[in-house]
Amino acid sequence: MGGKNSHHPQYFPLSTFHLPLFLEASLSDLPPVRVRFAPSPTGRMHLGSARTALYCYLLARRTAGTFILRIEDTDRKRYVEGAEQELIDGLHWLGLNYDEGPDIGGPSGPYRQTERRAIYQKWADKLVEDGHAFHCFCTAERLEQVRQEQQKNKQNPRYDGTCRSIPLSEAKKRVAAGEKHVIRFKMPTEGETRAVDVMRGEITWQNKDLDDTVLLKSDGLPTYHLAAMTDDYEMRITHVIRGSEWLSTFPVHVNVIRALGWPEPTWMHLSVFLKPSGKGKMSKREAADAIKDGHSIFVMDLKDLGYTPEGVLNWIVLMGWGVAEDDVMTLDQMVERFSINNLNPSPAAINFTKLDHFNGTHIRLMSTEELAGRIKPFFERAGYSVDEGILLKLTPLIRERLVTLDDSIPFGGFFFQPTVSPAAADLIAKDLTPAQSAEVARRSLDILSKLPDLSHASAEPPMRQYVEESGLQPNQVFGILRVAVTGQKVSPPLFESMEIIGREKVLERVQNAIKLLESL
RNA sequence: GCCCCCAUCGUCUAGUGGCCCAGGACGGGGCCCUCUCAAGGCCCAAACAGCGGUUCGAGUCCGCUUGGGGGCACCA
């Protein structure tokens with residue numbers, strides 16, 4: 001079954017669904033696909049990329065196919081140092097392990113486009129020889145001028161065709177003479193182009209609306225339109241999953257492929273993610289606001305914030321893909337259920353509240369050992385030296401209180417502190433005076449100190465009895481003790497916490513609280 | 001401006017002509033549980049953008065309108 005490289009634990013949510021046997025059988029009916037996630041290293045890995053990669057992964061595993069990572073680094077101006085590594089780290093963190101890629105190699109490499117330039121040059125030349133493309137010697141300055149002119153005249157900005165009619169023999173001479181040039185695709189000027197996107201059906205363009213797109217730049221590197229098509233052909237990609245920003249250049253791509261006589265892959269263009277308001281896509285400003293809010297659209301930020309791969313994956317998989325019920329899923333369960341027929345083409349607004357929900361849900365689904373291992377680094381990052389024994393004991397106590405792994409600090413940090421320093425005001429129970437609160441603390445100390453051991457089981461009954469006899473509210477008595485022992489007003493359950501902290505420290509902390517209250 | 005895409009509760013979505021006075025999830029409201037905070041259980045409010053067709057029958061098919069989105073580079 002899918003997810004053969006998955007790091008994810010095998011667990012099933014409470015709402016687990018049972019996969020019918022006939023569905024299992026149908027897995028083998030789907031021919032194995034070859035899909036690629038092809039990001040460009042021009043910035044940080046965000047949610048949109050992560051979802052595209054996820055769907056690629058799901059389709060590959062679902063069909064026992066191949067998932068490839070390819071780096072589209074042909075834009076040297078926008079290249080960002082470290083971006084490729086962040087992409088790789090992000091995929092590994094999410095558990096979307098690929099079968100072929102720049103760092104692990106594979107039979108159809110290299111997997112970085114800058115290492116494949118000869119291949120593109122070869123196919124660009126073929127396009128020119130066959131009359132499907134031409135050398136263009138226009139300067140960027142002239143083109144810019146033409147564009148402005150066209151806009152002024154309310155015309156559509158497009159290439160004006162100047163070099164289209166230069167005879168090939170003359171063009172070759174100018175190229176040989178070292179004249180700077182690009183290679184443009186010779187788009188048909190009449191008729192229409194039709195192509196099929198599995199999510200939307202057939203789309204039709206009038207060829208007269210299409211432009212003579214640049215395929216090979218003057219630096220000898222290809223544009224996306226040539227590079228991606230060539231690599232998809234050379235790497236025998238069967239299904240192209242990409243963002244809907246490619247829809248507008250879709251006709252260029254199919255025309256290039258058809259001119260070269262290559263087989264056409266199955267296409268699907270994923271909708272964009274909109275900002276939480278649903279008005280427009282995420283901008284730099286919204287990204288900054290999200291971070292202020294404890295959220296982020298960047299994958300590796302989410303990791304640092306304490307989100308889990310399970311939570312993030314579950315969240316983004318449902319933005320653009322719907323399941324009838326049981327929407328809590330592990331990666332392996334997504335593989336079992338995934339189908340490209342259920343993809344939704346409409347844009348989806350990002351909803352961080354839902355991420356919080358899925359993250360908390362997956363945290364609650366983890367075994368104690370698993371969760372302890374996940375929160376340990378967060379305690380260490382916060383400066384605590386972590387005692388494994390205590391860690392294992394506190395984990396079940398804080399599990400259902402966590403939204404992010406980082407929430408472990410406020411809920412469990414005090415377990416690793418030698419002392420606590422409660423605020424005096426917090427030690428005073430609701431409707432009680434400092435003196436009365438001190439009395440409650442003294443009586444509690446008296447009860448607790450008489451116990452041979454201090455455990456949840458031994459401490460709760462006598463304390464409950466005291467509450468009963470005193471006529472006080474449970475939360476008045478337990479509240480004072482909670483603040484005395486944990487140093488905070490909100491904590492995991494009191495008696496379980498005291499058991500972990502230990503008799504000696506508990507008594508000491510209650511004594512300190514009494515002193516503090518008496519000094520008021 | 002031009003081209004293309006999209007349109008079910010606030011949000012993510014199920015729905016492939018009768019099973020839908022539209023189902024699930026998040027969020028919201030209420031109740032229960034309760035030593036705080038949570039978690040959990042039960043319940044409630046909340047949508048087929050509008051208008052025309054097609055059909056015995058339309059959320060589901062077609063057209064228009066409106067709204068939203070993407071793109072119009074020697075960027076991906």
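Per chain, numbering begins at 1; letters A, B, ... match sequence-line order. All of these numbers come straight from a predicted model, not from anything done at the bench.
What separates CG of A:Leu215 from C1' of B:A76 is a distance of 14 Å, to the nearest Å. As rounded to whole Å, 10 Å separates atom P of B:G70 from atom CD of A:Glu245. Rounded to whole angstrom, the span from the NZ atom of A:Lys180 across to the P atom of B:C74 amounts to 12 Å. As a whole-Å value, the separation of A:Leu355 CG from B:C26 P is 14 Å. B:A38 atom P lies 17 Å from atom CG of A:Asn359, rounded to whole Å. Straight-line distance from the CD atom of A:Glu179 to the C1' atom of B:C74: 15 Å, rounded to whole Å. Separating the CG atom of A:Asp356 from the P atom of B:A25 is a distance of 18 Å, rounded to the nearest angstrom. Spacing between atom NE2 of A:His269 and atom P of B:C6 amounts to 12 Å, rounded to whole angstrom units.
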| query | Could you write nucleotides 9-23 of chain B as a row of B, S and -, 5' to 3', where a protein heavy atom under 4.0 Å of any base atom gives B, of only sugar-phosphate atoms gives S, and otherwise -? | reply | --SBSS--------B
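Look at A:Lys77 and you won't find any side-chain N or O under 4.0 angstrom from OP1 or OP2 of B:A76.
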Which protein N or O atoms sit under 3.5 Å from an N or O of nucleotides 40-51 of chain B?
{"residue": "B:G40", "atom": "OP1", "partner": "A:Arg364", "partner atom": "NH1", "Å": "3.2"}

Every protein N/O within reach of nucleotides 32-36 of chain B N/O, cut-off under 3.5 Å:
{"residue": "B:C35", "atom": "OP1", "partner": "A:Arg464", "partner atom": "NH1", "Å": "2.6"}
{"residue": "B:C35", "atom": "OP1", "partner": "A:Arg464", "partner atom": "NH2", "Å": "2.7"}
{"residue": "B:C35", "atom": "O2'", "partner": "A:Arg482", "partner atom": "NH2", "Å": "3.2"}
{"residue": "B:C35", "atom": "O2", "partner": "A:Arg482", "partner atom": "NH2", "Å": "2.3"}
{"residue": "B:C35", "atom": "N3", "partner": "A:Leu494", "partner atom": "N", "Å": "3.2"}
{"residue": "B:U36", "atom": "N1", "partner": "A:Arg482", "partner atom": "NH2", "Å": "3.4"}
{"residue": "B:U36", "atom": "O2", "partner": "A:Ser491", "partner atom": "N", "Å": "2.8"}
{"residue": "B:U36", "atom": "O2", "partner": "A:Ser491", "partner atom": "O", "Å": "3.0"}
{"residue": "B:U36", "atom": "N3", "partner": "A:Arg482", "partner atom": "NH1", "Å": "3.3"}
{"residue": "B:U36", "atom": "N3", "partner": "A:Ser491", "partner atom": "O", "Å": "2.5"}
{"residue": "B:U36", "atom": "O4", "partner": "A:Pro493", "partner atom": "N", "Å": "3.2"}

I'd like a list of close polar pairs between nucleotides 1-5 of chain B and the protein, N/O only, cut-off under 3.5 Å.
{"residue": "B:C2", "atom": "O4'", "partner": "A:Asn156", "partner atom": "OD1", "Å": "3.3"}
{"residue": "B:C2", "atom": "O2'", "partner": "A:Asn156", "partner atom": "ND2", "Å": "3.1"}
{"residue": "B:C5", "atom": "O2'", "partner": "A:Arg200", "partner atom": "NH1", "Å": "2.6"}

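Classified by interplanar angle (parallel below 30°, tilted 30° to 60°, perpendicular above 60°), the ring pair A:His253/A:Trp246 is tilted.
For A:Asp197, the side chain to side chain contact (heavy atoms under 4.5 Å, CB included) criterion is met by A:Met199, A:Arg200, A:Ile203, A:Leu247, A:Phe250, A:His269, not counting sequence neighbours. In terms of the side chain to side chain contact (heavy atoms under 4.5 Å, CB included) criterion, residue partners of A:Asn475 (sequence neighbours excluded) are, by chain and number, A:Gln473.
Checked against a 6.0 Å centroid threshold, the rings of A:Tyr55 and A:Phe338 count as neighbours.
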